[in-house]
Chemist: 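Right, I'll just put the structure down here and ask away after.
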Amino acid sequence: MFICGLELKSLVSQLCSAVCPYLALETCRQWRLSTKTVNLMRNGKMPTVTIEQAQRNYSKAVKSGLLKILSKMGISLLSSYCGAQIFEIYGLGQDIVDLAFTGSVSKIGGLSFDELARETLSFWVKAFSEDTAKRLENFGFIQFRPGGEYHGNNPEMSKLLHKAVRQKNESAYSVYQQHLANRPVNVLRDLLEFKSDRSPIPVGRVESASSIVQRFCTGGMSLGAISRETHEAIAIAMNRLGGKSNSGEGGEDPVRWRPLTDVVDGYSPTLPHLKGLQNGDTATSAIKQVASGRFGVTPTFLVNADQLEIKIAQGAKPGEGGQLPGKKVSAYIARLRNSKPGVPLISPPPHHDIYSIEDLAQLIFDLHQVNPRAKVSVKLVAEAGIGTVASGVAKANADIIQISGHDGGTGASPISSIKHAGGPWELGLTETHQTLIENGLRERVILRVDGGFKSGIDVLMAAAMGADEYGFGSVAMIATGCVMARICHTNNCPVGVASQREELRARFPGVPGDLVNYFLYVAEEVRGVIAQLGYEKLDDIIGRTDLLRARHITLLKTQHLSLSYILSCVGMPKLSSTEIRNQNAHTNGPSLEETLLADPEISEAIEYEKEVSKSTRIYNVDRAVCGRIAGVIAKKYGDTGFAGQLNITFTGSAGQSFGCFLTPGMNIRLVGESNDYVGKGMAGGEIVVTPVDCTGFVPEDATIIGNTCLYGATGGQLFVRGKAGERFAVRNSLAEAVVEGTGDHCCEYMTGGCVVVLGKVGRNVAAGMTGGLAYILDEDDTFVPKVNKEIVKIQRVNAPAGQMQLKSMIEAHVEKTGSAKGTAILREWEAYLPLFWQLVPPSEEDSPEACTEFERVAAAGRVTVKSA
C-alpha cells in the first residue's frame with residue numbers, strides 16, 4: 001500500500017522500526033520512465049532527474065512529514081516515538097484493535113475485519129472496472145468537489161445561510177435548518193436525537209434568546225488570518241449580543257478598545273463593514289488570546305480583556321503554533337505583531353512555553369496577576385486523556401476550559417495541519433465533563449466547546465453532554481460573507497474575508513447585523529427545541545445525557561458503533577450552569593504587590609506620574625512580581641503613556657515571572673537571583689539582575705536567572721550579571737538585553753530587538769529567528785556549530801553601526817551591573833571585537849552595513865547609549 005501521512009504515523013508509532021514503501025518507490029520509478037515525463041524533461045518544462053533522485057526526493061518528503069509530526073507532538077527522538085501509540089482510534093472494532101493496535105484507545109468501536117475487507121475490496125474492484133478513469137479521482141478531501149467527500153461547510157449551505165441572514169428571512173433560515181437536518185451522517189452527534197420525559201410547553205415560557213446568545217462565542221481567528229473588516233464585524237456583532245468574540249493570536253489595534261462612534265482616527269461610520277453602526281458599538285474582542293508565540297501581547301492588551309485565553313491546542317493545528325504566511329503580513333499586521341511586513345510568522349509550539357502543568361499554572365497565575373478581573377481560559381484539543389489534563393487545568397486555577405474538536409477551521413494553517421488533528425468534541429467534552437465531576441472540580445470551571453457548530457441542535461447536543469458555552473468559528477465567517485473558497489492561506493480570498501490585500505478586502509460583503517441575525521436565529525431554534533422537550537431554560541438541559549438516544553440509522557459503517565460512552569452519566573454538578581458562569585474570576589491570593597500598591601508613595605506616584613524609589617525583600621514564593629503594578633499602570637496610561645518613574649530594588653530570590661509585563665517607567669533591580677520567565681512579555685522599563693555577593697564564585701560563570709526569560713517581550717531592557725537558562729529571548733519582539741551566557745535555544749523565534757551574550761551559549765541558537773539582531777562573544781571558537789543556520793546569516797561585526805550598537809549596550813551593561821566581564825571587554829575592545837559574531841536574519845540582510853535593525857531602532861530613539 002502507499003504509505004504516507006497518517007498511515008506512516010500509525011505504523012511507526014505502533015511497532016515499526018523501519019518501513020519500506022515499496023509500491024511508492026516503484027511508482028516513482030514508473031513516473032520517471034513514463035513517456036510524458038521524459039518528453040517534459042526533454043522540452044525543458046521539468047527539471048531532469050534520475051530514477052534514483054526521484055526516489056530520494058520521495059524519501060526526503062516522507063522524512064520531512066514524519067519530522068513534522070514528531071515536532072508538533074514535542075518528541076525529539078524517533079526512539080521515543082516508536083511504540084508510543086500517541087493516537088486514538090475512531091471507527092475500528094475491538095477485534096481489529098486487539099490484534100493490530102493492542103492497548104490503543106478506542107471508545108466507540110466500529111468496523112470488523114470482514115467489513116474492513118469488503119471496503120478494501122470495493123476500492124480494488126473500482127480500480128479495475130471498465131469505467132475506470134484515466135486520471136485519479138479527486139475525492140475533495142480538502143476542497144469541496146461535487147460527488148466527492150461530504151463537507152459540512154459546502155456551497156449550498158453557504159448560499160442558504162447568506163440568504164437568511166442578509167435578508168433577515170425566517171423562512172430562508174428554516175430551509176437552512178432543513179438542509180442541515182437532511183445532511184449525511186458525518187459527525188458523532190448526527191447519530192443522536194433528543195427524547196423527552198415531559199410534554200411540550202409554549203415557547204413563550206422558555207428563556208429568552210437574548211439570554212441564550214450570551215453563551216455564544218466566536219473562534220480564535222486572528223487578525224492576520226482573517227481581514228480587519230471581518231475581524232471587526234464579528235467583534236461588533238458579538239458585543240451587541242452580549243456574547244464574546246475572540247481576538248485569536250496576534251494582538252488587537254488599541255483604537256478598537258473605545259466606542260467606535262467616539263473614534264476619529266482610522267475609523268468612520270461610512271466604512272462598508274461598519275454599515276448600520278449603533279451608538280456605543282465597540283470592536284474590542286472580549287476574549288483576548290495569549291498563544292504560545294505571544295504575538296501582540298502587551299500589558300494594555302491584557303488589561304483590556306474580559307477573558308484571557310491560553311491556546312494550548314485547537315481543532316486545526318493541535319500541538320503547533322500559529323502560522324501566518326508572509327503574504328498575509330501586511331504593514332498593518334506587522335505593526336500589531338511587532339514584526340516586519342512580508343516575513344512569515346511562526347509561533348513556537350505550545351511545548352516551547354508550557355513544559356508541564358506547573359508551567360501552565362504559572363501562566364494562569366501571571367494572567368490573573370496582571371488583570372485580576374479577567375477570567376482565564378485554557379483551550380485543549382479533544383483527544384483521549386483530555387479529562388486528566390482538564391483536571392490539572394482546573395487545579396491550576398483556570399476559570400474556563402475550552403474543548404476544541406477536530407473539525408475546527410483555519411485561516412492560515414498549511415494543508416498538512418488540517419486533517420487528522422484532534423478528535424470529535426463529543427468524546428472530548430464527555431470525558432472532560434465526567435472526569436471533572438468525578439474529581440469534584442466541575443463547579444470550579446466553565447466548560448466551553450467548539451468545532452463545526454452550525455445550528456441550535458449542535459448547541460443543545462453540546463449542552464446535554466455538559467457544555468456551558470458554545471463556540472462558532474467557520475460558520476460565523478460564512479454569516480459575515482465567507483464563500484468557503486478554501487484558499488485562506490494564499491491571501492487570495494475572493495471576498496476579502498481571509499485576505500490582507502486591500503483590493504480584495506474592498507469586496508468584503510458582511511456587516512455586523514448579519515452575524516447578529518444568525519445568532520438570534522440559532523437562539524430561537526434552541527428555544528423551540530427546549531419548549532418541545534418541556535423545559536424552560538438551557539440550565540435544565542446541561543449535563544442531561546438522559547435526554548439523548550441513538551437514532552435508528554441503517555448505514556453499513558455505523559452498525560457496530562457504540563455511543564454508550566457519550567450517553568453515560570456520572571452525576572451532575574452541585575451548581576447550575578448559570579451559577580458556575582456567574583462566579584468571579586479566581587484569585588491569586590495575597591501577594592507582595594498588594595503590599596507595594598498599598599504604599600501611599602507608590603500609589604501616589606502612579607496616580608500623579610511622580611518618581612519614587614523603594615526597596616524590599618523578595619522570596620521565591622513571590623511570583624509574577626510587578627505584573628499587578630504594570631497592569632494598573634497600563635489600564636490608566638496604556639503601554640507608553642506613563643510619565644512617572646517607579647524605581648524598586650528587590651533583594652533575595654525571586655519566584656517565577658519576575659518583572660512580567662513590565663511597562664515603561666518601571667525600573668526594577670534584583671540583587672540576588674530569579675527563577676524562570678524573567679521579563680516575560682515586558683513592554684518597556686528596565687530590569688537589572690546582579691548577584692548578592694560575588695565572594696567564592698565568578699558571576700559570569702553562574703546562572704542567576706532561569707529558563708525562557710524575556711519571552712515575547714515587546715520592549716524594555718534587561719541587564720543580567722550572570723548567565724541565563726534555556727530559551728533566552730524566545731519570541732522577543734523589541735526588547736534589548738545583555739547577558740553573560742545562556743543555555744540552549746537562545747534567540748529562538750525572535751522577530752526584533754537586540755540580544756548581546758558575553759559568554760558561552762548552548763546549541764540551536766537562533767532557531768526560527770526572523771528579525772532583530774544578536775551579538776555573541778566566541779572566545780574559544782566553538783560558537784558556529786551551535787547556530788541553527790536554516791534562517792540566519794552569521795558574520796563578524798565589521799559594520800560601524802553594528803560596532804557602535806554593540807559597544808553602547810556593553811557600556812550600559814557595565815554601568816547598570818558593574819560587570820567585570822563587560823569591563824574587561826571594553827578595556828581591551830580592539831582585542832575582543834573580532835571575537836564577536838553577529839546573527840542577521842534574512843529580513844536584515846539587505847543593508848550593505850548589515851545593521852538595518854540598529855538604524856531602525858536608533859531612529860525611534862530606543863537605542864541604549866552611554867550615560868554622560
Side-chain angles (χ1 to χ4, degrees), residues 251-258 262-266 296-305 335-336 338 369-373 592-616 624-650 658-670 679-688 710 712-719 733-737 752-753 808-809 812 815-816 856-868:
E252 197 170 71
D253 194 333
V255 76
R256 292 170 56 176
W257 302 335
R258 295 176 288 173
D262 296 346
V263 176
V264 178
D265 183 25
V297 175
T298 68
T300 311
F301 174 82
L302 296 175
V303 297
N304 278 281
R335 175 171 64 82
L336 295 180
N338 294 297
Q369 193 73 357
V370 71
N371 186 349
R373 69 177 184 83
L592 173 60
E593 283 190 271
E594 290 183 350
T595 304
L596 292 172
L597 284 168
D599 187 309
E601 291 184 72
I602 292 180
S603 59
E604 187 176 310
I606 294 173
E607 180 67 25
Y608 301 106
E609 300 183 87
K610 296 181 178 181
E611 181 174 349
V612 65
S613 297
K614 289 287 179 178
S615 297
T616 185
V625 171
C626 292
R628 178 68 57 83
I629 296 174
V632 171
I633 292 174
K635 186 67 176 177
K636 186 174 179 63
Y637 300 103
D639 285 329
T640 59
F642 181 54
Q645 189 164 306
L646 303 183
N647 305 311
I648 307 176
T649 299
F650 298 91
F658 177 74
C660 66
F661 307 116
L662 217 61
T663 60
M666 296 183 69
N667 299 326
I668 63 175
R669 171 180 288 269
L670 173 63
K680 173 192 287 187
M682 67 183 295
E686 178 184 281
I687 302 175
V688 177
L710 221 63
T714 59
Q717 299 169 324
L718 171 65
F719 301 99
S733 292
L734 284 177
E736 298 171 344
S808 68
M809 291 186 69
E815 179 188 350
K816 303 289 184 181
R856 183 171 68 84
V857 297
R862 291 186 291 99
V863 172
T864 306
V865 294
K866 184 179 179 181
S867 300

Chemist: What pair of heavy atoms forms the shortest contact from C660 to A630, and how long is it?
Modeler: O-CB, 4.5 Å

Chemist: Atom OG1 in T616, atom CG in D599: separation rounded to 0.5 Å?
Modeler: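 Result: 9.5 Å between the selected atoms.
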
Chemist: Output all residues satisfying salt bridge (charged side-chain N to carboxylate O under 4.0 Å, His left out) with E601, sequence neighbours left out; order by chain, then residue number.
Modeler: K614

Chemist: I'd like to know if the side chain of Q369 and the backbone of G627 have a donor-acceptor N/O pair within less than 3.5 Å.
Modeler: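 Checking the backbone N and O of G627 against the side chain of Q369, no donor-acceptor pair under 3.5 Å is found.
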
Chemist: Can you check side-chain contact (heavy atoms from CB on, under 4.5 Å) on C626 and M666, steps first, answer last?
Modeler: CA-CA 9 Å; C626 292; M666 296 183 69; 3.9 Å; yes

Chemist: Compare every heavy atom of I602 with every heavy atom of L596, then report the nearest pair and how far apart it is.
Modeler: O-CD1, 3.4 Å

Chemist: Tell me if a side-chain donor or acceptor on T663 pairs with a main-chain N or O of G684 at a distance below 3.5 Å.
Modeler: no

Chemist: Is there a side-chain contact (heavy atoms from CB on, under 4.5 Å) between D253 and L336? Walk through the geometry before answering.
Modeler: CA-CA 7 Å; D253 194 333; L336 295 180; 4.1 Å; yes

Chemist: Nearest 0.5 angstrom please: K680 NZ to F658 CZ, how far?
Modeler: 14.5 Å

Chemist: Rounded at 0.5 Å granularity, tell me how far CD in Q645 sits from NZ in K610.
Modeler: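 So the CD of Q645 and the NZ of K610 are separated by 15.0 Å.
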
Chemist: Salt bridge or not for E686 and R669, using N-O below 4.0 Å?
Modeler: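 No, this pair does not count.
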
Chemist: Give, for atom CG of N304 and atom CZ of R258, the distance between the pair rounded to the nearest 0.5 Å.
Modeler: 11.0 Å

Chemist: Does the E736 side chain pair with the main chain of Q717, one donor and one acceptor, at a distance under 3.5 Å?
Modeler: no

Chemist: Would you please test T298 and F661 for side-chain contact (heavy atoms from CB on, under 4.5 Å) and show each step?
Modeler: CA-CA 7 Å; T298 68; F661 307 116; over 6 Å; no

Chemist: For the residue pair I687 and G679, what are the closest heavy atoms and their distance?
Modeler: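 That closest heavy-atom pairing would be CD1-CA, 3.7 Å.
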
Chemist: Tell me whether Y637 contacts the main-chain N or O of I606 through its side chain, where contact means a donor paired with an acceptor under 3.5 Å.
Modeler: yes

Chemist: Do N338 and T714 pair up side chain to side chain, a donor and an acceptor below 3.5 Å, judged on atom types alone?
Modeler: no

Chemist: Judged by atom type as modelled, is there a donor-acceptor pair below 3.5 Å linking the side chain of N667 to the main-chain atoms of N647?
Modeler: no

Chemist: Give me the atom names and distance for the closest heavy-atom approach of M682 to L710.
Modeler: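 Shortest heavy-atom contact: SD-CD1, 3.7 Å.
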
Chemist: What heavy-atom pair brings S603 and P600 nearest, and what distance separates the two atoms?
Modeler: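 Smallest heavy-atom distance, with atoms named: OG-O, 3.0 Å.
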
Chemist: What residues form a salt bridge (charged side-chain N to carboxylate O under 4.0 Å, His left out) with E252, not counting sequence neighbours?
Modeler: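 Partners of E252 by the salt bridge (charged side-chain N to carboxylate O under 4.0 Å, His left out) criterion, ordered by chain and then number, come out as R256, K288.
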
Chemist: Going by the angle between their ring planes, with limits at 30° and 60°, are F301 and W257 parallel, tilted or perpendicular?
Modeler: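 Ring orientation of F301 relative to W257: tilted.
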
Chemist: Counting C-beta onward and ignoring hydrogens, is there a side-chain heavy-atom pair between I668 and V688 closer than 4.5 Å?
Modeler: no

Chemist: What closest approach, in Å, do A735 and G715 show between heavy atoms, and which atom pair accounts for it?
Modeler: CB-O, 3.4 Å

Chemist: Working note: L646 + E611, criterion side-chain contact (heavy atoms from CB on, under 4.5 Å); need CA distance, chi angles, decisive distance, verdict.
Modeler: CA-CA 6 Å; L646 303 183; E611 181 174 349; over 6 Å; no

